[in-house]
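Have a look at the structure below, then the notes.
These figures come from a predicted structure and were not determined experimentally. Chain identifiers are assigned alphabetically (A, B, ...) following the order of the sequence lines, protein sequences preceding nucleic acid strands; residue numbering begins at 1 within each chain.
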Amino acid sequence: MDIPKTYEPKDVEGRWYPFWESHHFFAPETQTDPNAPVFTMVIPPPNVTGSLHMGHALNHTIQDVMARWHRMLGERVLWLPGTDHAGIATQMMVEKQLAQEGISRRDLGREKFLERVWQWKEQYGGAILSQMRILGESVDWSRERFTMDEGLSNAVKEVFVRLFDDGLIYRGEYLVNWSPGLQTAISDLEVEMKQVKGRLWHIAYPIRNADGSLPEAASLAEAYAAANEGERKSGLLHTETGDFLVVATTRPETMLGDTAVAMNPEDERYRALAGRTVVLPLVGRELPLIQDEIVEKEFGTGFVKVTPAHDPNDFAMGKRHNLPFISVIGKDAKITAAAPEKYRGLDRFEARKAVVADLEAAGLLVRIEDYTHNVGHCQRSGVVVEPLLSTQWFVRMKPLAEPALEAVRAGRTIFVPENFTKIYYNWLENIEDWCISRQLWWGHRIPAWYTPDGDIVVARDEAEARERLRATGKDASVALRQDEDVLDTWFSSQLWPFSTLGWPEQTEDLKNHYPTDVLVTAQDIIFFWVARMIMMGLKFMGEVPFRVVYINGLVLDPEGQKMSKTKGNVIDPLVVFDKYGTDAVRYSLAAATSAGLSFALQEEKMVSARNFVNKIWNAARFVLLNCGEVLDAQQPVEWESELAEPMLADRWILSRLNRTTQEVNEALQNYRFHEVAAKLYHFFWDDFCDWYIELSKPFVASPEITPENTAVRQRIVYVLERSLRLLHPLMPFITEELWQRLPHRGETICLADFPRFDAAQLDERAEREMNTLIEVVTKLRNIRATFNIAPSVPLQAEIATTDASLSEVITRMEEPIKRLARVAEIKVVNALSAQRGSARAVMPGAEIAVPLSGLIDFDKERARLSNTLTKLTGELGGLEKRLSNPDFIARAAADVVEQSRERAAELQDQIARLKAMIEAL
RNA sequence: AGGCUGGUAGCUCAGGGGUAGAGCACUACCUUGACACGGUAGGGGUCAGCGGUUCAAAUCCGCUCCAGCCUACCA
C-alpha cells in the first residue's frame, strides 16, 4: 500500500463531494425511520451575485457541523440551500454590463432588461453554489430554492395581499430615504451613517417688527460684533432697525424649503417672541415661529430652521404643526422649481455653495463653525441619502412587532449568545414603518393595479384584481396598469423559512420541517432578516420560524480589521482552501469561533490546523501500514476480543475516548464549537498519538501475527475509526477518505453513527494508573534532558515507594516505561539506595533516582531541585494558610476541605523528600 | 448620548469562585521505520486599575481607564 507521508488535500477532497451528492446522502429521506427526530435548518440565502467569502465560510461551516452531527445521530436532517435575487445588487451588475455595450436599461425596456437579468443569473448566478460544494456543505440540493422562483413569488404575492387586506400595508406620501445614486427609495436599514467633517452655518433670519417693517441686514454685522458671547449663543440679535434670530444648520441649501422656525416651548430666552414671524432670506417667505419639544435648548442657538420636506425631524414637526411641505430638492438631487429661479437645476452641493455665498453677500451669515456629524449614505451606492417626499408602499410594523417580542420573551426562540435578545428587543420596541417599494425592475413587482380613475386594487394577479373591482361594484373591464415598482429584497427573504417549504401550499415538507430548529447567521442582519422572519412566521404560520438563533462572529483580517474590498485585506476562502486544505480551514474556523464574538483569521491558525490534519493522516498511515490482518478481515472491529484481555493502555484510551465523546457531544449541544475542536485535538494528538500509539508500537509494529498483537491492532483500529467519526463534522473529507480504508459498516461516514457517551466505558483506575506511568516517564525524560544525555545512552533507574499499589503498577508497566524513557533497568524499592552522584526527582508517593556517576553537575542538580521545591513550598504555603483559617474549615464545601488536606499532605511528603535529596547532594 | 463586547504568557485566544491553560513564537536536545506539517524536555503571567461581596475573586458586583462594534432625531 502506498500512502504519502504528507496529506495532500487536493488528491482527496475532489473525490468525495460528487460521491455524496450523487448518492443523495444529504436528503432527509435518507433516514427512513419514521420515528426519527427531525432536524431542519435553512441557509441564509447568499446573493446570487455573490461569491463565497470568509463570512460565508464560517457561517456555512458551523451549519455543516451541526447538520452532519445531527445526521450521524440518526436524525432526519434537512439543510435547505438557495440564493437571494438581491434586487439592487443584481440589477446594478447587469446595468454595468449593459453600460459596457453602451446602452441603459431604459433603452432595452423593462421586459428585455429582465430577460437579460435572468440570462445573467443562469450564467453567473451559480458561482457560490459550486463553492459551497468545495466547502463540503451537506445541503439537500434537491430542495434548492431561489427567492424569485415561482413558488416563492406566489408566497410573496400571498403575503402582500393578506397584509394589505389586514390593513398592515399602506401606500402614501411620506419622507423616505432617497438614493440619488440608485434612483430609488431605500429603507432605514439600508442607510449607513458615516461621520463626516462638515460645517455648522449660523444664519440670521430677520424677525418682522410689530409695525410690519423688517430689520435691515446692514446693521447686523455691527450688532454681532458688539454682542457678547452669551448674546451670540442666545441667537437673538438686536439692531437699531429690529431683531434677528439665528439658526444653525449643516445643510444651508435646504433653507430654500423652510416653512417655519422652531424653538423649545420651555426656552425662557425667547418666550417674548411667541406669535412673531420671520422672513426667510433669499426666498422672502414669511415663516411662523413654532414651539416644539424636539428642539434642544442647549444645541446651537436654540432655534431650528424647519424644512419638512427634507428632514425626518422637520417632517414630523411639519405634520404636528400643519406646515406646508415644499420639496426644493428633486429625485435627481437638483433644486426644483419650488425654489427661487436662481437656484433651480443646481445640484444640491452646488446649491449649498450658492446659498452660502448669497447669504454671505447679504450679510446674514454670522458665523461658520467646523462641525463633525453623522450623515446618511446609501449602503449600496455610497451617495449621500436625500430625505424627500415621495409616494411609496409601507408595512405597518408595530402590530407585527408585538407578537414577535412576546414570542422571544416567552423563550419560544432563543438567541445564542443570549445578549443578542436585548438588541432584538430594543429594535422591535422602537420600530418604525418599513418602506418596501423600490424603484427598480429586478424583483417582485408590487401586486397592485391602478384604474384610469386612480383607484388602487391589490390582488394576487390581474384577474383577481378585476374580480375585486367587480366585487366593489366598479367597472371591471377598464384598462389596468400594474404598479411599476418592485419590493425590497428583504420582503421575500423574510418568508424564507416557510416559502422554501412550499407555503402557501400545505405541503408535506412544510408539515415536517416547520418550524426549523436553528438559524445560524451574522449579527448584522438581525434587523434586516431575523426579526422580520419571526414576525412573518408568527403572522402566517402561527409559530416562530426557528427555535434557536445562533449568531456567529465576524471574521476579521489578521490585524483584527474588518475585511473589505476597499481596504484590500480580504482573504478569499478558496485561496486558503487551496493552500491549507478545506478540512484545515473548516477546523480553524470552528476552533476560533465563540458565539457572537469576532475573531482575526491568522495564517498561523490555519497552519496549525493543517498540521493537525496531517497528524491524523499519519496516525492513520501508521495503522494502515501495520494492521494488515485486521484491515483485511473487513469486519467492523469490536472492542471486546477473545484474543486477549485489554491492557492498561487499552482500558485507558477507551476511557479517554469516552470522556471525549461525552465532552464533544455536550459541546455540540451547546454550540461551543471551539471546545469541540480543542477536545478532539488534545484527545487525538496527546492521548491517542503520543501515548496510545507509542505504547502499542511493540505489538502493532511487530511483523508477527500473534493473538495478542492482533488484539492490540484491533483496538487501535477501533479507536481510530471512532475518532474519525467524532472528527467528521469538522473535517468531512479526510475522515471519509480514511474511514473508507478502514473496516466499516455502511456506505459513507456521513451516515455512520456518531459515538455516544457510555458511562460503563469510563475507567478511573486505568486513568489513575496511566497518570502514574506518564509521570514516571516524564520525570525520567526530564532528567535525561537536564543532563544532556544522548537518547542512545540507556539509563538505570531506581524508584522508591512504600505504596503497594504504586509499586505494583510500576512493576507491571516496567517494559513500557523502560522503552519510552529509554531506561535499561528499573529497580522498584522501598527506599532509595542509589549513590550520591544520582539525579533525583519526586512525584506523589514515590521518588526516583538515576545514577549518573561523573555526569552530574551538582550545582545544576541542586538548582533544579530547589526550583521544584520553591514551587511546591509556595503552593503548600497557600494551602496551609487556608487550612489554618477556621472560617474555611467551617464554611467551605467538605470536599474542597478534604481535597486541600490531601494535597497539603502530598506536598509535605514531596517537600520532605526534596529537602532530603538536596541535603544529600 | 445610550447599549453591547473585550482587556489573561512575546502574539492570537480558551477558561471562569479553591493562587492559571492552548496554539504559534522562544530555548535545549533528537533525522528513534507513522508524521520535521514530527518527537522530548523547558523558560515565560500581580489574569487592565481601584473598591466591594465571600472562608476564598483572574472568575461575581460596582466604578475608572483603554479598544472595538451597534443603536440614536442633536439641526
Side-chain angles (χ1 to χ4, degrees), chain A residues 3 5-7 193 200 247-251 254 262 294-296 298-301 303-307 311-317 371 373-374 417 419-420 422-423 426-427 430 523-524 526-527 553-554 556 558 560-562 580 584 588 591-592 594 596-605 607-626 672 674-675 678 681-682 689-690 693-694 697 700-701 777-778 781-786 788-792 820-822 874-875 877-879 881-882 885-893 896-897 899-900 903:
Chain A
I3 306 167
K5 280 190 174 188
T6 303
Y7 174 59
M193 298 309 268
L200 200 52
V247 297
T249 180
T250 54
R251 300 195 58 196
T254 62
I294 203 170
V295 182
E296 303 263 341
E298 314 306 324
F299 187 88
T301 60
F303 286 119
V304 184
K305 59 188 273 308
V306 184
T307 321
D311 181 279
N313 289 325
D314 296 4
F315 177 79
M317 274 195 271
Y371 187 65
H373 62 133
N374 292 323
N419 52 291
F420 285 97
K422 268 190 206 163
I423 296 175
N426 192 22
W427 189 67
N430 301 297
Q523 51 186 288
D524 54 337
I526 293 180
F527 307 140
L554 207 63
L556 306 171
Q561 302 288 309
K562 253 188 191 175
Y580 300 103
S588 40
S594 206
L597 293 181
S598 310
F599 64 93
L601 184 68
Q602 275 142 345
E603 207 90 347
E604 301 93 82
K605 285 176 186 157
V607 169
S608 109
R610 183 257 272 144
N611 294 352
F612 181 38
V613 172
N614 192 55
K615 188 75 183 179
I616 295 167
W617 178 258
N618 272 291
R621 180 171 184 265
F622 172 76
V623 171
L624 291 170
L625 291 173
N626 291 294
R672 300 168 67 88
H674 60 279
E675 210 169 293
Y681 185 96
H682 290 296
C689 292
D690 289 351
I693 290 186
E694 290 307 324
K697 269 183 182 169
V700 173
V777 170
T778 306
R781 284 169 173 170
N782 177 282
I783 289 171
R784 181 188 291 279
T786 308
N788 249 324
I789 301 160
S792 51
L820 294 178
R822 295 175 168 267
E875 196 187 336
L879 278 173
K881 191 176 148 206
R882 188 191 296 168
N885 179 351
D887 285 333
F888 173 70
I889 308 295
R891 302 197 186 197
V896 172
V897 177
Q899 269 170 33
S900 304
R903 180 70 185 146

side-chain N/O A:Asn611 vs B:G38 OP1/OP2, d < 4.0 Å: yes
Proximity to the side chain of A:Lys615 - top-ranked nucleotide from B:C35, B:A75, B:G42: B:C35
Touch class at under 4.0 angstrom, heavy-atom based, for A:Phe315 against every strand present: nothing
Selected nucleotide, minimal atom distance to A:Phe527 side chain, candidates B:U71, B:A75, B:G42: B:U71
Side chain A:Asn618, main chain A:Asn614, donor-acceptor under 3.5 Å: yes
Side-chain (A:Asn885) to main-chain (A:Lys881) donor-acceptor, under 3.5 angstrom: no
Presence of A:Arg882 side-chain N/O under 4.0 Å of B:A56 phosphate oxygens OP1/OP2: no
Span that lies between the P atom of B:A41 and that of B:C4, in whole angstrom: 46 Å
Aromatic ring pairing A:Tyr371/A:Phe299, orientation class (parallel under 30°, perpendicular over 60°, tilted between): perpendicular
Minimum-distance nucleotide to A:Ser608 side chain [options: B:A34, B:G18, B:C24]: B:C24
Phosphate OP1/OP2 of B:G39: any A:Lys697 side-chain N/O under 4.0 Å: no
Toward the 5' end of RNA chain B, by each residue's nearest nucleotide, A:Asp887 or A:Ala591: A:Ala591
Sugar-phosphate only, base, or nothing, as touched by A:Gly300 at under 4.0 Å among non-hydrogen atoms: nothing
N/O donor-acceptor pair under 3.5 Å between A:Arg903 side chain and A:Leu879 backbone: no
Sugar-phosphate only, base, or nothing, as touched by A:Tyr580 at under 4.0 Å among non-hydrogen atoms: nothing
Rounded P spacing from B:A22 to B:C60 in Å: 22 Å
Touch class at under 4.0 angstrom, heavy-atom based, for A:Ala678 against every strand present: nothing
Any donor-acceptor N/O pair under 3.5 Å between B:A34 base and A:Lys5 side chain: no
So which protein N/O to nucleotides 4-6 of chain B N/O distances come out below 3.5 Å?
| from | atom 1 | to | atom 2 | distance (Å) |
| --- | --- | --- | --- | --- |
| B:C4 | OP1 | A:Lys422 | NZ | 3.4 |

Shortest side-chain distance from A:Pro791, nucleotide among B:A41, B:U71, B:C30: B:C30
Helical stems, RNA chain B - three or more consecutive Watson-Crick or G-U wobble pairs below 3.5 Å: B:1-7 with B:65-71, B:10-13 with B:21-24, B:26-30 with B:38-42, B:48-52 with B:60-64
Below 4.0 Å: OP1/OP2 of B:A41 and any side-chain N or O of A:Thr778: yes
Min side-chain heavy-atom separation A:Val607-A:Gln602 under 4.5 Å: no
N/O donor-acceptor pair, side chain A:Glu694 with base B:A34, under 3.5 angstrom: yes
Distance below 4.0 Å between A:His682 side-chain N/O and B:G21 OP1 or OP2: no
Minimum side-chain heavy-atom gap A:Val613-A:Tyr580 below 4.5 Å: no
5'-most by nearest nucleotide on RNA chain B - A:Thr786 or A:Thr6: A:Thr6
Distance test, side-chain N/O of A:Arg672 to OP1/OP2 of B:G15, below 4.0 Å: yes
Touch class at under 4.0 angstrom, heavy-atom based, for A:Asn374 against every strand present: base
Side chain proximity check, A:Leu624 to A:Ile3, heavy atoms < 4.5 angstrom: yes
Sugar-phosphate, base or nothing in reach of A:Glu296, heavy atoms under 4.0 Å: base
A:Asn614 side-chain N/O to B:G38 phosphate OP1/OP2 under 4.0 Å: no
